[in-house]
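Take a look at the structure set out below.
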Amino acid sequence: MTVKLQQIDDCRWRIPREGAMRTEGLVFADARMIATLQEEQALEQVRNVATLPGIVGPSLAMPDIHWGYGFPIGGVAAFDAEEGVVSPGGVGYDINCGVRLLRSALTANDIKPVLAKLADTLFRNVPAGVGSERRDLKVSLAEQRRVLERGAAWAVARGYGETEDLRHIEAGGMLPDADSELISERAMERGRAQLGTLGSGNHFLEVQEVEEIFDAAVADVLGLCTGQVTVSIHTGSRGLGYQVCDDFLKRMLQASRKYGIELPDRQLCCAPLTSPEGREYLAAMAGAANFAFANRQIITAWVRESFEQVLGLGPAQLRLSLIYDVCHNIAKWETHTVDGRARRLCVHRKGATRAFPPGHPETPEAYRAVGQPVLIPGDMGRYSYVLVGSAGAMAETFGSTCHGAGRVLSRHAAKKVAHGRRIEAELAERGILIRAAGRAAVAEEISEAYKDVAEVVDVVRRAGLGKIVARLRPLAVIKG
DNA sequence: ATGTAC
């Protein structure tokens, strides 16, 4: 089935309203990206989302859009508090998957002599891989409930990191209104031993070098300069978030029937935001989101510890400070101005990053003048980007941008391309060390499996959704 | 993404 597309300009495409659509679709992409998309069902998914009750503004898609469960990955949709719905498919299985970025007082030359030892130590100290389990962290069931309610603040209280870190996390590292009683026993069990683990797939831990600065004034405010060592952590809520999504998909399928919501695709199952089912999903989702915030906070402490071990330097010399931590799979209550009126909306971001502009009260004070940091990982063989949010994003996308490069090859296809090659050696030739839980994980994540993230962020820049600040090159990659 | 199917 082909989806009608009208080109608006060189980076915007409209899917006109027709049939059951309640609003139009708006896709941010260049002509080449659109050409590859039309063979996929991702645009059809943008159109399907536009049929959901209470949607406000267009059904949006970022330039890294690809096919996902119900909603496309790279999709943004906002819903009215009274008329709208909440959908687990609009958040995704990995609730509060996100990225955090640490800066350091080190240069790439400082760590090059010990890079292999640093990679080994990080790989040992941060469990990675499918089903990876905790190191030495023991959490009782009662305490796990506190994790789900307090997020990163729980981790800091337990000695993982500093209070200062909390100021540099989206939502302060804790979504309010989380209710651990709404999370199934099974989800609790799955999460129990997974706090402080990386997981698999595109999740990673990277030691990086700032390769290029594009905006010196903003980079200065974020504390970034060329040649500096940074660390990125990309992971989410592991098996716990997966189980919460799975549990609620079943309930939402029933709820959709109960409330008479017509679905073009069962995977879009949802419930009114005013219904018990809707409220309960949001409270369970907030718990899983807080688990993910705590997860990234604990890993951060182990990263700091690893650097201290290998370099023999103290925290004051390393200065591994948290620049920012952003979610890219979440539904949140936010206030947005629509047609000149401030409205409280439930914004679904699935594979999309919040990108609030300069001056926004939710942006940490330190960055208030330049905008919220936006962290966009690329693939392990190339680079990642740091952006800041802009007024354009607030006006057009409910303060959102892309979240990454976006796959172009399926995992299976990537493995075929990698077959017979020595990917580790190829990366080493480019100065990138990799430590991974398995060979298959590396093969599935080869550069060729992804779009060039430089092209993705360039669409974001041209569309005025964000400002490009810096490009980071991987030096050592820890993969599940 | 995911104890890659209970």
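The sequence lines fix the lettering, A, B, ..., with proteins before strands; numbering per chain opens at 1. Note that the structure is predicted; figures quoted are calculated from it, not measured.
Taking atom CZ of A/Phe248 as the reference point, atom C1' of B/dT2 lies 18 Å away to the nearest angstrom. One interatomic measurement links the two molecules: OH of A/Tyr69 to C1' of B/dT2, which rounds to 13 Å at whole-angstrom precision. The CG-P distance, from A/Leu240 to B/dT2, rounds to 12 Å in whole Å. One atom, CG of A/Asn295, and another, C1' of B/dT2, lie 14 Å apart when rounded to the nearest Å. For A/Glu189 and B/dT2, the CD to P distance is 18 Å, given to the nearest whole Å. B/dT2 atom C1' lies 13 Å from atom CZ of A/Phe291, rounded to whole Å. As rounded to whole Å, 8 Å separates atom P of B/dT2 from atom CD of A/Gln194. Put simply, CZ on A/Arg238 is 5 Å from P on B/dT2, counting in whole angstrom units.
Ring-plane geometry between A/His348 and A/Phe71 is classed as parallel, the angle between the planes falling under 30 degrees on a 0 to 90 degree scale with a further cut at 60. Ring geometry, A/Tyr281 versus A/Phe248: the interplanar angle exceeds 60°, so the pair is classed perpendicular (tilted spans 30 to 60°).
Annotation: of the two residues near DNA chain B, A/Asp246 and A/Arg411, the 5′-most nearest-nucleotide partner is A/Arg411. Along DNA chain B, the nucleotide closest to A/His203 and the one closest to A/Val130 are compared, and the more 5′ of them pairs with A/His203.
In terms of phosphate contacts, A/Ser200 brings a side-chain nitrogen or oxygen within less than 4.0 Å of OP1 or OP2 of B/dT2.
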Check against side-chain contact (heavy atoms from CB on, under 4.5 Å), A/Leu249 and A/Tyr69: CA-CA 11 Å; A/Leu249 281 171; A/Tyr69 186 94; 3.7 Å; yes
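For the ring-ring contact (aromatic ring centres under 6.0 Å, His included) test, residues two or more places apart in sequence or in another chain that qualify with A/His403 are A/His328.
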